[in-house]
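To start, the structure under review is shown below, and the notes come after it.
Naming convention: chains lettered A, B, ... in sequence-line order (proteins, then strands); numbering from 1 in each chain.
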2 protein chains.
Amino acid sequence: MTTLLHIDSSARSGGSDEHRFGSHSRRLSRRFVSGWKARRPGDAVVYRDVGAKPPEAVSGSWIHAAFTPPENREHWMREVLAESDELVDELLQADVIVAGVPMYNFGVPAQFKAYIDNIVRVGRTFGFDRSRPGEPYWPMVPADKTLVILSSRGDYGYEAGGRLANRNHVEPGIKTAFSYLGITDVHSVAVEFDEFADERLQASIASAEGVVDKLVADLSGRAGKERAA
Amino acid sequence: MTTLLHIDSSARSGGSDEHRFGSHSRRLSRRFVSGWKARRPGDAVVYRDVGAKPPEAVSGSWIHAAFTPPENREHWMREVLAESDELVDELLQADVIVAGVPMYNFGVPAQFKAYIDNIVRVGRTFGFDRSRPGEPYWPMVPADKTLVILSSRGDYGYEAGGRLANRNHVEPGIKTAFSYLGITDVHSVAVEFDEFADERLQASIASAEGVVDKLVADLSGRAGKERAA
């Protein structure tokens, strides 16, 4: 059985296929997950909506607790790390992470950055040892996981090589953080032209949905083969 | 009179010159502001600590309210935008913005991204008109403001051209968002080697403090000349 972790981070509720001011990234993530379930109904899906419920930003107490060895942690430290532990557990249990992450002001929404800041955890998702020869860090997340980033942008040309590529800090920022944890198999699809609300937006949605469907076919087929192997 | 907006966003309290686990970015921002005040005691300083009190992440209601013309806003809309309005007012009143922004997981802390998401406000800091010929956006913040980014990183080599430059989403992400608003005079200084806690960290702090002092001399001197002109 494969486990999907379905994350949404848009501040908007509902997909843009549900109502006029709905979210394109929610629309794509739901399409991905429902397409996957149609092909592999026995797979598990865990849902995490950081758009509706932003995780707490990392605090001084959080840092203090996280850098205290687990066996030395006091009660308040375990409490302050409880949400982070839950998010890390979900991540480690997932085989495929499907993250709806719209572009807000050229980067990920604050609520998705809060998610990242909570899953990058010393001793759980990355290791750190100052006395280690060479790099003092190493990834602790098993390398067999796949991340799918489903995004949405108001303007257009943010893709690699595009006219605004150097202003896009969404996929590059996510990839850098996740690769640090050991997650390097990353796929991404984005809707563009949202703010123009014209036929170019409609074409971009149709194109993105086609890529999502193809990704679902490819990745779910691969999951089937790995299971049979 | 010049007005400084002093922002801190580190989750840690106090500067690293105050206690062992204090913040380097807070240390640099306080040094900048106290150096400025020593030279220009009549200038005003407004302080905003988004590390201690993270702004609310942007919500669906926030977006709805922000895109409703001010004259049509209902009471709940003005309430949901109150914090954003306060942050925008502070930004517009400032001549020099001094922002302590440590690198968290290769990007800005979630609490600083929440700040950015709250100051990028249609009709207040940028304009948007879909029917406008050419670009539908324009910056609304007067171009005479200066932004100083004071950062801190665990590892080293994140500067432009450095070995980890492509993993640094802090200064590039901030510059992209602020330039969209019209703030393009940006200076930045960073402490590196924090996680090694050895003589390289001490050298990096000393060097960063030197650059901060020089920046204070240059920028406060410029403010004096502009006033005299």
*If you count heavy-atom pairs under 4.5 Å between each of A:Q111, A:K175, A:E135 and chain B, which one has the most?*
A:Q111
*Is A:F193 close to A:I205 at the side-chain level, that is, under 4.5 Å between some pair of heavy atoms?*
no
*Below 4.5 Å from any heavy atom of chain B, which atoms of A:P55 appear? Answer side chain, backbone, both or neither.*
neither
*What part of A:D155 gets closer than 4.5 Å to chain B, counting heavy atoms only: side chain, backbone, both or neither?*
both
_Out of B:S61, B:G60, B:A52, B:G154, return the one with the most heavy atom pairs under 4.5 angstrom to chain A._
B:G60
*Is the backbone N or O of A:R12 less than 3.5 Å from a side-chain atom of A:R26, with the two atoms forming a donor-acceptor pair by type?*
yes
*Below 4.5 Å from any heavy atom of chain B, which atoms of A:S23 appear? Answer side chain, backbone, both or neither.*
neither
*In terms of heavy-atom proximity below 4.5 Å to chain B, should A:Y104 be classed as side chain, backbone, both, or neither?*
both
*asked:* Here's a test for you: under salt bridge (Lys or Arg N to Asp or Glu O under 4.0 Å), which of B:R27, B:R31, B:R30 qualifies with B:E18?
replied: B:R30
*So which part of A:E56 gets closer than 4.5 Å to some heavy atom of chain B, the side chain, the backbone, both or neither?*
neither
*Could you tell me which non-hydrogen atom of A:L91 sits nearest to which non-hydrogen atom of A:Y115, and how far apart they are?*
CD1-OH, 4.0 Å
*Region of A:F112 that comes under 4.5 Å of a non-hydrogen atom in chain B*: neither
*Quick one: does A:F21's side chain get under 4.5 Å of B:H64's, heavy atoms only?*
no
*Looking at B:P109, B:A114, B:P172, B:A177, which has the largest count of heavy-atom pairs under 4.5 Å with chain A?*
B:P172
*Any salt bridge between B:E171 and B:R153, counting N to O under 4.0 Å?*
yes
*Report yes if some heavy atom in the side chain of B:T146 is under 4.5 Å from a heavy atom in the side chain of B:D95; otherwise report no.*
no
*Let me know if A:S13 has heavy atoms under 4.5 Å from chain B in its side chain, its backbone, both or neither.*
neither
*Can you check whether B:S10's main-chain N or O pairs, donor with acceptor, with B:D8's side chain at less than 3.5 Å?*
no
_Under 4.5 Å from any heavy atom of chain B, what part of A:Y137 do you find: side chain, backbone, both or neither?_
side chain
*asked:* Counting only non-hydrogen atoms closer than 4.5 Å, does A:I116 touch chain B with its backbone (N, CA, C, O), its side chain (CB onward), both, or neither?
replied: both
_Interface moiety of A:R130 toward chain B, non-hydrogen atoms closer than 4.5 Å_ = side chain
_Test: A:D49 and A:K53 ion pair at under 4.0 Å_ = no
